[in-house]
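Protein chains get the first letters and strands the later ones, always in sequence-line order, with residue 1 at the start of each.
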Protein chains: 2
Amino acid sequence: MKKQRNTRQRQLVLDVVLARGDHPTADQVYADARAIDEKISRGTVYRNLHTLAARGDILQVKLPDVDRYEELADRHYHIICTECGAVYDAPIPYDDTLDRRASEISGCDIKRHRTTFEGRCPECKQRCE
Amino acid sequence: MKKQRNTRQRQLVLDVVLARGDHPTADQVYADARAIDEKISRGTVYRNLHTLAARGDILQVKLPDVDRYEELADRHYHIICTECGAVYDAPIPYDDTLDRRASEISGCDIKRHRTTFEGRCPECKQRCE
DNA sequence: ATGGGTGCAAAGTGTTTGCAAGTAT
DNA sequence: ATACTTGCAAACACTTTGCACCCAT
């Protein structure tokens, strides 16, 4: 891997993701970063999110529609509210026996799985009734 | 729900998805449909895929990057090859106790979950070694 | 006849990239 | 000094939409 530099912008992108503590999209990271450094560009934010995720400093959460990012953590699942789009960590532990079972039965070399629950968050659930 | 018509184009889109038996993207469906009706437009294919999925005639498979579609079937998981992008049905049964557990613990009203395994399919696995 | 559906092209999203200038090492 | 990074804008890939015409019911 080629040697990487620590630029002000890269540090800022990392700080923003860590400061939020939730699951921002690239565009939300851009907005937050822009509030601090009004010169930083979208391209730089996208590039640094990729760099940081590849390097393992943050996690990329692949969900339908848009990718999101979060602080580094153990493997876990997510809940996405189908009404308001909010994303939460799910309170169900990662089941790594599934990866072994799927590998054996399918003949694939399964590295991991991603599970996303869909439903209504407490607020939307209440508002809809 | 408003009354829907059965047009030649809508039937064609449905036929194409059923004929494939795999997990085509909208663009693949468009290509297949176009091979039969060289006048059908992309917009029509996209609109009909939505209509058919909403109506329950086909399933929409929400995966990262692009949505895919497949024949109507019971809930099940998918395997996506990280090398070649191929998508398969996973040989692991849908675990609906997870939805109940996640609902109880999180306070959300969970309707379902989607699980996608990531790894290398048998061909890519072999080719890479 | 009537309102849902179609083809077309333009507009939207979300993301990537080429390039010249800037900067961390 | 070197080559990784940046800002900018253009380009991309995928999808949605406005509109006038068409056709299934």
By side-chain hydrogen bond (donor to acceptor under 3.5 Å, both in side chains) - contacts of R68(A) (at least two apart): none

Test side chain to side chain contact (heavy atoms under 4.5 Å, CB included) applied to D89(B) - qualifying residues, sequence neighbours left out: H23(B), E70(B), H76(B), H78(B)

Length of the line joining R68(A):CZ and dT15(C):P, which is rounded to integer Å: 10 Å

Nucleotide dT5(D), atom P - distance to CG of L12(A) in whole Å: 16 Å

Contact letters for nucleotides 14-21 of chain D, in which S counts primed atoms plus P, OP1 and OP2 and B counts the base, heavy atoms under 4.0 Å: SBBBB---

Length of the line joining L49(A):CG and dG14(C):C1', which is rounded to integer Å: 13 Å

Fellow cluster residues of L59(A), listed by chain then number, with links counted only when side-chain atoms sit under 4.5 Å apart: L72(A)

Partner residues of T44(B) under the side-chain hydrogen bond (donor to acceptor under 3.5 Å, both in side chains) criterion, sequence neighbours left out: S41(B)

Contact state string [nucleotides 20-25 of chain C, B base, S sugar-phosphate only, - no protein heavy atom under 4.0 Å]: ---BBS

Terminal axes of the helix from dA1(C)-dT25(D) to dT25(C)-dA1(D) (five pairs each): angle between them, nearest 10 degrees: 30°

Distance in angstrom units between Q11(A) CD and dT6(D) C1', rounded: 16 Å

Pairs involving residues 71-81 of chain A, ordered by first then second residue, that meet salt bridge (charged side-chain N to carboxylate O under 4.0 Å, His left out) (sequence neighbours left out): none

Atom-to-atom span, CD of E38(A) to P of dG7(D) - whole angstrom: 11 Å

For R114(A), salt bridge (charged side-chain N to carboxylate O under 4.0 Å, His left out) partners two or more places apart: E118(B)

Under the side-chain hydrogen bond (donor to acceptor under 3.5 Å, both in side chains) test, residues paired with R47(B) that sit two or more places apart: none

Test ring pair (Phe, Tyr, Trp, His ring centres under 6.0 Å) applied to Y69(A) - qualifying residues, sequence neighbours left out: none

Nucleotide dG14(C), atom P - distance to CG of L63(A) in whole Å: 14 Å

CG-CD distance between D109(B) and Q126(A), expressed to the nearest 0.5 angstrom: 12.5 Å

Nucleotide dA24(D), atom C1' - distance to CD of Q9(B) in whole Å: 11 Å

Non-neighbouring partners of R20(A) that pass side-chain hydrogen bond (donor to acceptor under 3.5 Å, both in side chains), sequence neighbours left out: D22(A), D32(A)

Residue met sooner reading DNA chain D from 5', once T51(A) and R34(A) are mapped to nucleotides: T51(A)

Ionic contact status for R112(B) with D96(B), cut-off 4.0 Å: no

Length of the CG-C1' vector between N48(B) and dC23(D), whole Å: 14 Å

